[in-house]
Protein chains: 2
Amino acid sequence: MNDHAEQSLFFKALSDPNRIMIVDMLSCGELCACTILEAFSLSQPTLSHHMKILCRSGLVIPRRDGKWTHYSLNREKFSELISFINYISTGAGKECIHFDTKCCDANVLSQK
Amino acid sequence: MNDHAEQSLFFKALSDPNRIMIVDMLSCGELCACTILEAFSLSQPTLSHHMKILCRSGLVIPRRDGKWTHYSLNREKFSELISFINYISTGAGKECIHFDTKCCDANVLSQK
DNA sequence: GTATAATATAGACAAGTGCGAATATACTCA
DNA sequence: TGAGTATATTCGCACTTGTCTATATTATAC
């Protein structure tokens with residue numbers, strides 16, 4: 001996969017302030033859905049929806065326990081995410097092909 | 001600001017595969033819009049739209065130079081982003097208040 | 001089994017997003 | 001000034017997203 005579709009799921013998952021807060025809560029340890037729900041003024045189905053998106057991205061892992069569902073962070077995925085951000089935001093280890101500069105850069109140079 | 005609205009802009013900006021690719025390209029250095037455009041099969045207005053979202057988040061900085069616009073990464077913001085992800089995904093330095101566990105955790109414990 | 005509790009799914013709706021075509025703006029050069 | 005070039009904005013469209021209400025599923029307890 002080269003179009004970063006998988007990684008974009010990480011970012012999509014964290015692109016909502018409520019979901020950021022949920023991750024923040026989970027960083028202290030595993031929590032069950034009802035505990036998370038209490039901290040927000042969201043309906044239960046809406047929270048369930050948010051949890052599904054977080055789980056789909058792989059950043060959060062669900063654990064069924066009787067009639068309860070407990071959620072926890074997938075630390076590995078967060079490491080992956082940070083590595084990925086480092087990769088795309090620094091030239092480190094890249095070929096850094098000189099993109100064709102015919103349109104403008106060449107002109108800029110020729111002006112000097 | 002406590003609702004992470006600002007940080008969610010970082011994630012929104014990177015939640016599109018095309019924008020991830022653009023950041024990847026910019027990691028090798030400043031590029032002008034026309035050079036980026038050549039690398040994608042997008043219309044010029046659509047690219048302009050993506051660049052606006054990237055700039056709005058603060059991750060990318062535009063620089064006008066005559067009729068050209070050059071874009072570069074804002075390394076500081078990427079550091080901020082990584083720090084933020086570390087913050088929300090680890091308990092480090094947090095109070096880690098024990099959330100009210102009345103609904104389920106208490107039951108789980110009482111079952112043991 | 002039936003009632004209750006925790007969570008998930010379905011459906012609807014407003015708001016937001018990605019996209020291109022058309023147009024506008026801003027700059028350069030003759 | 002006027003033509004040409006680089007980029008931005010506007011607008012319309014299909015699709016996605018965040019939210020709710022209503023309902024279904026799954027597990028527990030009597």
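Values in this document were obtained by computation on a predicted structure and should not be read as measured data.
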A:T90 vs B:S27 side-chain heavy atoms within contact, under 4.5 Å
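Contact flag for A:T90/B:S27 side chains = no.
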
Please report the distance, rounded to the nearest Å, between [atom1] in [X] and [atom2] in [N].
X: A:I22; N: D:dT19; atom1: CD1; atom2: C1'; value: 14 Å
X: B:K67; N: C:dT28; atom1: NZ; atom2: C1'; value: 5 Å
X: A:L31; N: C:dT7; atom1: CG; atom2: P; value: 11 Å
X: B:R64; N: D:dA8; atom1: CZ; atom2: P; value: 6 Å

Using a cut-off of strictly less than 4.0 Å, decide whether [X] has a side-chain nitrogen or oxygen near OP1 or OP2 of [N].
X: B:H50; N: C:dC19; value: yes
X: A:T69; N: C:dA6; value: no
X: B:K52; N: D:dT9; value: yes
X: A:T46; N: D:dT19; value: no

Using a cut-off of strictly less than 4.0 Å between a heavy atom of the residue and any atom of DNA chain C, enumerate the qualifying residues of residues 10-20 of chain B by number.
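Here the set is B:K12, B:D16, B:N18, B:R19.
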
With no angle test and no hydrogens, is the base of C:dA6 tied to the side chain of A:Q44 by a donor-acceptor pair under 3.5 Å?
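Flag unset: no donor-acceptor pair detected.
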
Could you say whether B:S43 or B:R56 is positioned toward the 5' end of DNA chain C, judged by the nucleotide with the nearest heavy atom to each?
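Of the two residues, B:R56 wins.
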
Considering every strand and a 4.0 Å limit on heavy-atom distances, what is the contact class for A:L47: base, sugar-phosphate, or nothing?
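Since no nucleic acid heavy atom lies under 4.0 Å of A:L47, the category is nothing.
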
Please classify the nucleic acid contact of B:Y71 as base, sugar-phosphate, or nothing, using heavy-atom distances under 4.0 Å.
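Sugar-phosphate contact only.
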
Closest heavy-atom contact between A:M25 and A:T35?
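Reported closest heavy-atom pair: CE-O, 4.3 Å.
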
Measuring from B:C32:SG to B:K67:NZ, what's the distance to the nearest 0.5 Å?
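Going from SG on B:C32 over to NZ on B:K67, the span is 11.0 Å.
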
Could you tell me the separation between the CG atom of B:D24 and the NE2 atom of A:H4, rounded to the nearest 0.5 Å?
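Answer for the CG-NE2 pair, B:D24 versus A:H4, is 5.0 Å.
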
N/O donor-acceptor pair under 3.5 Å between A:T46 side chain and A:L42 backbone
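Pair absent, no side-chain N/O of A:T46 close to backbone of A:L42.
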
